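Single-structure report; data block below.
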There are 2 protein chains.
Amino acid sequence: MLKTEKRDEIIRAALEIIAEHGFHGAPIAMIASRAGVGAGTIYRYFANKDILISVLYEDIEDRLFPYILQGYDSERPVRERFLHLGKALLQYFIENPLDFRYVEQFHGSPYGAALRRDRILGARENRDVFHEFFEEGISQQMIKDFPLTVIFDLAFGPVLYVVRDHILDVVKLDNVLITKIIEACWDGIRR
Amino acid sequence: MLKTEKRDEIIRAALEIIAEHGFHGAPIAMIASRAGVGAGTIYRYFANKDILISVLYEDIEDRLFPYILQGYDSERPVRERFLHLGKALLQYFIENPLDFRYVEQFHGSPYGAALRRDRILGARENRDVFHEFFEEGISQQMIKDFPLTVIFDLAFGPVLYVVRDHILDVVKLDNVLITKIIEACWDGIRR
DNA sequence: AGTCTCGGAGTGAATGTTCATTCCTAATGT
DNA sequence: ACATTAGGAATGAACATTCACTCCGAGACT
């Protein structure tokens, strides 16, 4: 019944190594030894490396969305909700830099390009939260009338770049700065 | 005297293949055949693949900056200059999608991480234009007072994401939309 | 209770492939 | 003729994937 345990170890190890060394510098043998399993074992859980890589990505989304939705209240005013979503996103990646590094590499690579039509952050059930939120904001005339995709880019593009800088240690983010940044994002999309 | 010619072919071929298939799916043999040269020839021009990859990146910057600076007039008002820079950046990548795909992959990879402290767009002489521009904008109280890095993220993060969407064909950008987008970026950073 | 059998999870050495790089020969120019 | 440049087969290293084997626990049998 401990199936999950080994599988989790493999996923954790793969995340660590790929985030740090890229898809390149992450041979199966290395992942296996970091996970404390035999190389062959990985193939008992994942048909091949590509599939491991995709599953890993979905795994991150499955942790990210619940985190963001914590304390999200769709009854609150638009601006307040935006600040919540933006901050939560920023915070999640700051707290989980490996996830960020991984997502970043994944998106830039051909693996990620396969996700094409699916929006940058998620395409599962949860995605609807963002969807609905922005659509409501637009119809309430609180948010500029752009295609949804563009609104995403305006709203969260800066957030992701700021996270990168924080991880690369070129900015030091504290709570005050974070709030100011998300407010600036809001200025970008609000009417 | 045709030294340059073969070299350019190699660079072009490498750009095409890497942009499309990633650093992965771009074996030297494939680059060579696309360039119409022998595999060994590549090594007459580039010591190894890593160096080819870095040179390729620098090459892109060397084309990007002159393009952006065309018609840039540091005497014009801050807002106007910002609109110029933003549009030019967007336009360059729309016109050169391979360059964009390449830069994107490069940044997300460990190669790019080596550029750490160097700012996201350039670290050569030209970089100063952006530098100076934002510093001036801040001291004139036209632009919000954030660390320079953050200003970059707020200003150009959205632009790069929009370009990605355009290339992935999830938005259709026309001149009107482009202008509106850059204006929204301005709203994000202006006081 | 003790012994035996079976099945499936786990292993890592062996395999075959893919690749960057080298190096010797051919071609080209001077 | 000589020097320089190009070519691409040959080389060896690195890697993903496979597979023959080990190990272990849960039943079955005595």
Side-chain angles (χ1 to χ4, degrees), chain A residues 1-59 101-102 105-106 108-114, chain B residues 1-59 101-102 105-106 108-114:
Chain A
M1 273 319 97
L2 297 182
K3 283 207 174 177
T4 325
E5 204 171 273
K6 277 224 151 80
R7 202 189 114 106
D8 286 354
E9 274 307 295
I10 292 166
I11 288 200
R12 199 186 45 72
L15 175 65
E16 284 178 22
I17 293 179
I18 295 176
E20 194 176 344
H21 297 96
F23 294 117
H24 289 317
I28 288 285
M30 195 186 288
I31 294 172
S33 91
R34 174 85 66 110
V37 304
T41 307
I42 290 181
Y43 289 85
R44 299 197 55 75
Y45 293 94
F46 305 97
N48 57 50
K49 201 185 180 185
D50 281 11
I51 284 177
L52 169 59
I53 285 171
S54 301
V55 169
L56 196 33
Y57 180 79
E58 286 161 23
D59 223 65
R101 293 281 307 134
Y102 187 88
Q105 301 207 39
F106 187 84
S109 79
Y111 297 107
Chain B
M1 270 316 100
L2 298 181
K3 282 206 174 181
T4 324
E5 204 171 273
K6 275 219 153 74
R7 202 188 115 108
D8 285 354
E9 273 309 295
I10 293 166
I11 288 201
R12 198 186 45 73
L15 174 64
E16 284 178 21
I17 293 179
I18 295 176
E20 194 176 344
H21 298 95
F23 295 118
H24 288 316
I28 288 285
M30 195 184 290
I31 294 173
S33 90
R34 175 82 67 108
V37 305
T41 307
I42 290 181
Y43 289 84
R44 298 199 54 75
Y45 293 93
F46 305 97
N48 58 48
K49 200 184 179 185
D50 281 11
I51 285 178
L52 170 59
I53 285 170
S54 301
V55 168
L56 197 31
Y57 180 79
E58 286 160 24
D59 223 64
R101 292 281 307 135
Y102 187 88
Q105 300 206 40
F106 187 84
S109 78
Y111 296 107

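Chain naming here is simple, since letters A, B, ... match the order of the sequence lines and numbering starts at 1 in each. This structure is a prediction, so every number in the text was calculated from the model and none was measured.
Between the CZ atom in B:Arg44 and the NZ atom in B:Lys6 there is a gap of 11.0 Å [rounded to 0.5 Å]. Taken to the nearest 0.5 Å, the OG1 atom of A:Thr41 stands 12.5 Å off from the CD atom of A:Glu9. From A:Leu56, atom CG reaches atom CG of A:Leu15 across 5.5 Å, with rounding to the nearest 0.5 Å.
For B:Gln105 (side chain) and B:Ile18 (main-chain N/O), a donor-acceptor pair under 3.5 Å exists by modelled atom type.
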Would you mind building the protein contact string for nucleotides 18-23 of chain C? One character per nucleotide, 5' to 3', B for base within reach (heavy atoms under 4.0 Å), S for sugar-phosphate only, - for untouched.
-> -SSBB-
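Listed candidates were C:dA9, D:dG7, C:dT11. Nearest to the side chain of B:Lys6 is D:dG7.
To the nearest angstrom, P of C:dG10 lies 13 Å from CD of A:Glu9. Separating the CD1 atom of A:Ile42 from the P atom of C:dG10 is a distance of 12 Å, rounded to the nearest angstrom. For the pair A:Phe46 CZ and D:dT18 C1', the interatomic distance rounds to 18 Å; values are reported in whole Å. Summarising the geometry, the separation between CD1 on B:Ile31 and P on D:dG8 is reported as 16 Å, rounded to the nearest angstrom. If you measure from atom CZ of A:Arg44 to atom C1' of C:dG7, you get 11 Å, rounded to the nearest angstrom.
At least one side-chain heavy atom of A:Ile11 sits under 4.5 Å from a side-chain heavy atom of A:Phe46.
Take A:Glu16 and apply the salt bridge (charged side-chain N to carboxylate O under 4.0 Å, His left out) test, not counting sequence neighbours, and it matches A:Arg12, A:Arg34.
Annotation: the terminal axes of the helix from C:dA1-D:dT30 to C:dT30-D:dA1 meet at 10°, where each axis is the rotation carrying the C1' atoms of four end pairs onto the next four (5 pairs per end, rounded to 10°).
When every heavy atom of B:Ile51 is checked against every heavy atom of B:Asn48, the shortest pair comes out as N-OD1, 2.9 Å.
Taking the six-membered ring where tryptophan is involved, the planes of B:Tyr102 and B:Phe23 are perpendicular, since the angle between them exceeds 60° and thus also 30°.
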